[in-house]
Structure formats: C-alpha cells, structure tokens
Asks: 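The structure that follows is given in the form of structure tokens.
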Amino acid sequence: MKSLTESESKLATEIAARADLLLADLRLHVETPTGPGGGDGIEQTREILTGRLAALGADVESIPGDEKPEWLGLLSGGEGREPPSTSVCRRISGELARVLVAGHMDTVHPVTSEFKELSVSADGLSALGPGCVDMKGGIVIATHALEALEACGIPASWTFSLNADEETGTYHSEACLRAEAIRHDFGLALEPALPGGELAVERMGSGQFFVETTGKSAHVGRAFADGVSAVTKLAECLVEIATYPDQERGHIVSVGPIEGGAATNAVPERARAWGNVRFPDQAASDEIAAKLESLATGEGAMPAVAVRRSFNRPAKPLIPETESLALAARSAAEDLGQSLPFTKTGGVCDGNILQDAGLPTIDTLGVRGGGLHTTDEWIEIASLVERCQLLAILIARLCERGTD
C-alpha cells in the first residue's frame, strides 16, 4: 500500500479481516435465486440487505415500481404482476458530500435453473455461481464497505438503492433512480469490472422496439387470395431493419424474438417482433428511431404496420465530471497497490440512467470475473476483498472532499 492515511489503512485491514465473511455472504446471496420465474428470493434478499443497512442507521424507504410499456410486458410474460419496488436506504449527513451507491438484486438465471450453487474451485482462487459477479458480488462488497466504514468510525454520507429490474430494462425503477440522482453528488454503481479489471468510463445507449403487423385472415386452401399475410409483411419489415446496423458508426440493431400466425392452414392476420438497439450518442439514437418509425403505415392500411419503441437508457459518454470521479477511483486503487485501467463498453446499466439524470457516475466498481449471463459465470475470489477496500476508501474520500 502506497499513500493511505492511518484511518484508510485501518479500513483496509478491517476489510481484509472480513475475507471469510465476504465469501460466506456471497454464497448466501448466490444460492438465493432472484432470477425470472417467480419465487420469494428477491424479497428474502431485500430483507437481509435492508436489515443490515438499517442497523447502520439508514432510513429505509420502499418506492413502488412503475409499470413497463404493455408491449414489453407481452415479451417478458410479466403482464398482471405487480411491479417490484425499489428499496432506498439513506444515511445522509448534511456536512459531507452525498454518494449514491446503486445495486440490483435480480439476475438473468431462471429460478428453475440447475445452475444454483456457488462452487469454489479446487485451488480456492475462483468460484462459479449464478449472479456471482452480476451483481451479487457487487452488493456484498458494498454492504461490507459501508459496515467497515462504520466499524472504523469514518464518517460517510450515502444512499444505497436496491432495485429488482435492472436485467429487464429498469422500467419499474427508472423514475426512482432519477429522483435519487438529483439528490446526490457522486454515483457509484456495482456492475462487475470489465474482463481485465478495467473501469468502464464510456457506455453505449440502449433501447427496445416492437413491430406489429396486421393483415387479414383467410383459409389457405379455399380463400387464399382473400387473405393478407401479416407474417409476409413483418418479413418485409425485418429485411429492411437488417439494413440499419452500421458497426463502424456504432449503430447496432438486432431483432428477436418474433411471433406470427397460429396455424399453417390459415393466412396469418397478426405478427410481431421485438428488438434491441445500441447507439453511441443521441444523434445515433435519433437516427435509428426515425428509421424504425418510418416503417409504420397510415390509418386504414392493409397490411398495417405499427411501431413502438422505448430508448430509456441514453448513451453514457465520458464527461469531465465522470472522468474526475474515475481518476479519484484510480488514485485510491493505486494507493492500495491495485491497477485500474479505463475502457469503454457496449453494455448498458443503471449508470446510464444516473448520469443522464445529471449525476457523475462510474459503474464497474464491482468484483472481477466473467461469464456474465451464462452458466459459466465466475468470480475471482480475491476481488471480494480488493474491490471492497477500493469501494470503501473511495466513498470515504469522496465524502471528505466535498463537492468542489
């Protein structure tokens, strides 16, 4: 360790002593399923985490979730379910800069998956498990970092937000995150580090879209000429959409899944497709949106095409305020004897929303690992302590330096 203060060295030592507890907590949360398919894992996780944060003196508020667009609910099968709430745990001091720590409890791994345990490698250096890096490891290190700050008597002013819909687009919690963003000075999100341990300082934006075509049903054998195929019209639209991607300009447009027709012997009267876009800036977002919307037909058309879209995660460019925050994180890392290179990514997260709301945010402060969203998801166990130390010292320094 290079130039840590006495209190920071004490903090790092406190966290190092928690190594076994960190791994035990990771196992607890990994083996509590919080992916698609129902179950009470989210609420179990919420109760554990909010209880620990309340024990630190945090005021815990449950913010009801908003509804997502109806057409996205059709895709996820989530229609009729109550939107999940977001837990906002605040321990704010008026004398210090305010840090918003953002985490998500949900994963992509279905609750029925056979991939459901934390399995430590024979050499003890890594472990496999659903959500171990994305982002149960991040939530674990943040909780311990805040507890360690309290144990060492280091003042900090923070809010920890815990949502349950990041993996499905943050539609239920977006308004809550935006409201919290404007109340804070710095944002720290707990997404896992990039493959080489890098900090992502730039992110592309992301959006969802929906194309629905309507035709006229008819019996294929007796009245084929009377029918108008919605599937054929959708296919024409998809061929057109296939011309939209432009990798050199960072325009990404992908379609899937698709639906159309109910029987082979009936001309299909309805077909629909969902898709995802990625874009480097607002101009690219507007261009892609205009192309998609140009597919829509006017009133009374046969076949008819309707287009709906929601580009709710704007691009996250490198701005001076975020660069300053990233450099503060790098300085803390280097003082701990760690490296923290910078990079950019096409992935999106809640950090996109926080920065768009005006909060300088860095969002890959979680643990190191890989295999995200697969049954090979793994974590580098040493990163539990190392990233927890980095997070705790960064929070302490940000709170102390104020908003200058």
Side-chain angles (χ1 to χ4, degrees), residues 11 42 45-66 84-106 135-136 138-166 170 172-191 316 321-322 325 328-329 332 349-366 387-388 390-403:
L11 182 59
I42 288 287
T45 299
R46 189 193 307 276
E47 182 178 0
I48 292 169
L49 294 171
T50 57
R52 290 174 67 168
L53 297 170
L56 296 177
D59 295 321
V60 179
E61 183 179 5
S62 180
I63 309 297
D66 295 321
S85 62
T86 298
S87 294
V88 180
C89 308
R90 303 183 185 91
R91 188 184 176 195
I92 299 296
S93 169
E95 301 176 355
L96 303 171
R98 296 156 296 178
V99 177
L100 175 60
V101 180
H104 66 84
M105 299 177 286
D106 57 321
M135 66 164 42
K136 300 195 176 192
I139 287 175
V140 165
I141 65 168
T143 304
H144 279 269
L146 298 175
E147 290 176 338
L149 285 164
E150 178 70 13
C152 293
I154 298 174
S157 180
W158 49 265
T159 296
F160 197 163
S161 69
L162 292 158
N163 67 3
D165 67 315
E166 192 275 343
T170 319
H172 305 309
S173 59
E174 178 181 359
C176 173
L177 290 175
R178 288 183 177 276
E180 290 303 317
I182 63 176
R183 300 184 179 115
H184 291 80
D185 303 302
F186 306 103
L188 307 176
L190 304 172
E191 295 294 330
K316 186 176 180 289
E321 296 84 356
T322 297
L325 181 54
C349 71
D350 289 340
N352 291 63
I353 292 171
L354 296 177
Q355 183 163 302
D356 185 67
L359 182 66
T361 300
I362 50 177
D363 52 36
T364 40
L365 284 169
R387 286 286 176 143
C388 187
L390 171 58
L391 186 62
I393 289 173
L394 178 59
I395 290 172
R397 290 182 179 184
L398 293 175
C399 290
E400 181 181 13
R401 85 179 192 184
T403 59

Asks: Can you measure from NE2 (H104) to CG (L177) and round to the nearest 0.5 angstrom?
Replies: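 Output value for this atom pair is 11.5 Å.
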
Asks: Quick check: do T159 and V101 have side-chain heavy atoms less than 4.5 Å from each other?
Replies: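 Not touching, per the 4.5 Å side-chain cut-off.
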
Asks: With a 4.5 Å limit on heavy-atom distance, are the side chains of T322 and I362 in contact?
Replies: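 SC-SC contact between T322 and I362 confirmed.
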
Asks: Nearest heavy-atom pair of L11 and A392: which atoms, and what distance?
Replies: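 In terms of heavy atoms, the two residues are closest at CD2-CB, 3.7 Å.
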
Asks: Hey, does S173 have a side-chain heavy atom less than 4.5 Å from the side chain of T170?
Replies: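 Yes - at least one pair of side-chain heavy atoms lies under 4.5 Å apart.
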
Asks: Look at the side chain of R46 and the backbone N and O of A164, then say whether any donor-acceptor pair between them is shorter than 3.5 Å.
Replies: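 Checked: no pair found.
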
Asks: Mind checking salt bridge (charged side-chain N to carboxylate O under 4.0 Å, His left out) for E174 and listing every partner two or more places apart, or none if nothing turns up?
Replies: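 R178.
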
Asks: Could you measure the distance from the OG atom of S157 to the CG atom of L100? Nearest 0.5 Å is fine.
Replies: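 S157 atom OG to L100 atom CG measures 11.0 Å (nearest 0.5 Å).
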
Asks: Look up atom CD1 in I92 and atom CG in D59, then write down how far apart they are to the nearest 0.5 Å.
Replies: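 Rounded to the nearest 0.5 Å, the CD1-CG separation comes to 9.5 Å.
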
Asks: Are the side chains of P155 and L96 in contact, using a 4.5 Å heavy-atom criterion?
Replies: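 A side-chain contact under 4.5 Å exists here.
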
Asks: Could you tell me if the side chain of C349 sits less than 4.5 Å from the side chain of N352, heavy atoms only?
Replies: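 Answer yes - side chains close enough.
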
Asks: Treating D165 as the side-chain partner and H172 as the backbone partner, does any N or O pair qualify as donor plus acceptor under 3.5 Å?
Replies: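 Judged by distance alone, yes, a pair lies under 3.5 Å.
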
Asks: Quick one: are W158 and L53 in side-chain contact, heavy atoms under 4.5 Å?
Replies: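 They are in side-chain contact.
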
Asks: Kindly compute the distance separating CZ (F160) from CG (L49), expressed to the nearest 0.5 Å.
Replies: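 Between F160 CZ and L49 CG, I get 6.5 Å after rounding to 0.5 Å.
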
Asks: Decide yes or no for I139 and M105: does some side-chain heavy atom of the first lie under 4.5 Å from some side-chain heavy atom of the second?
Replies: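 Yes, their side chains come closer than 4.5 Å.
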
Asks: Please identify each residue that fulfils salt bridge (charged side-chain N to carboxylate O under 4.0 Å, His left out) with E321, with sequence neighbours left out.
Replies: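 With sequence neighbours excluded, E321 shows a salt bridge (charged side-chain N to carboxylate O under 4.0 Å, His left out) to no residue whatsoever.
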
Asks: Provide the closest heavy-atom pair for L188 versus T361 in the form atom of the first, atom of the second, distance.
Replies: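 Of all heavy-atom pairs spanning L188 and T361, the closest is N-CG2, 4.4 Å.
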
Asks: Under 3.5 Å, is there a donor-acceptor pair between the R52 and T143 side chains?
Replies: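 No - no donor-acceptor pair under 3.5 Å links their side chains.
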
Asks: Quick one, L354 and K316 - any side-chain contact, counting heavy atoms below 4.5 Å?
Replies: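 Contact flag for L354/K316 side chains = no.
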
Asks: Just how far is it from atom CD of E166 to atom CG of D106, taken to the nearest 0.5 Å?
Replies: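 Nearest 0.5 Å value for the CD-CG distance: 6.5 Å.
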
Asks: Which atoms form the tightest heavy-atom contact between C399 and V99, and what is the distance?
Replies: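 For C399 versus V99, the nearest heavy atoms are SG-CG2, 3.9 Å.
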
Asks: Quick one: CD1 on I395 to CG on L149, what's the gap to the nearest 0.5 Å?
Replies: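 Result: 6.0 Å between the selected atoms.
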
Asks: Run L391 and L190 through side chain to side chain contact (heavy atoms under 4.5 Å, CB included) and show every step you take.
Replies: CA-CA 10 Å; L391 186 62; L190 304 172; 3.9 Å; yes

Asks: Once salt bridge (charged side-chain N to carboxylate O under 4.0 Å, His left out) is applied, do any residues pair with R90, and if so which ones, sequence neighbours excluded?
Replies: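 With sequence neighbours excluded, R90 shows a salt bridge (charged side-chain N to carboxylate O under 4.0 Å, His left out) to E61, E180, given in chain and number order.
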
Asks: Please find the pair of heavy atoms, one from A329 and one from L390, that lie closest to each other, and give the distance.
Replies: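 Smallest interatomic distance, heavy atoms only, reads O-CD1, 3.5 Å.
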
Asks: Determine, step by step, whether L162 and T45 satisfy the side chain to side chain contact (heavy atoms under 4.5 Å, CB included) criterion, reporting the C-alpha distance in whole Å, the side-chain angles of both residues, the deciding distance to 0.1 Å, and the verdict.
Replies: CA-CA 10 Å; L162 292 158; T45 299; over 6 Å; no

Asks: Which pair of heavy atoms, one from A181 and one from L359, lies closest together, and at what distance?
Replies: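 So the two residues come closest at O-CD1, 3.8 Å.
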
Asks: Tell me the closest heavy-atom pair linking H144 and C388, and the distance in Å.
Replies: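 Heavy-atom minimum between the residues: CB-SG, 3.9 Å.
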
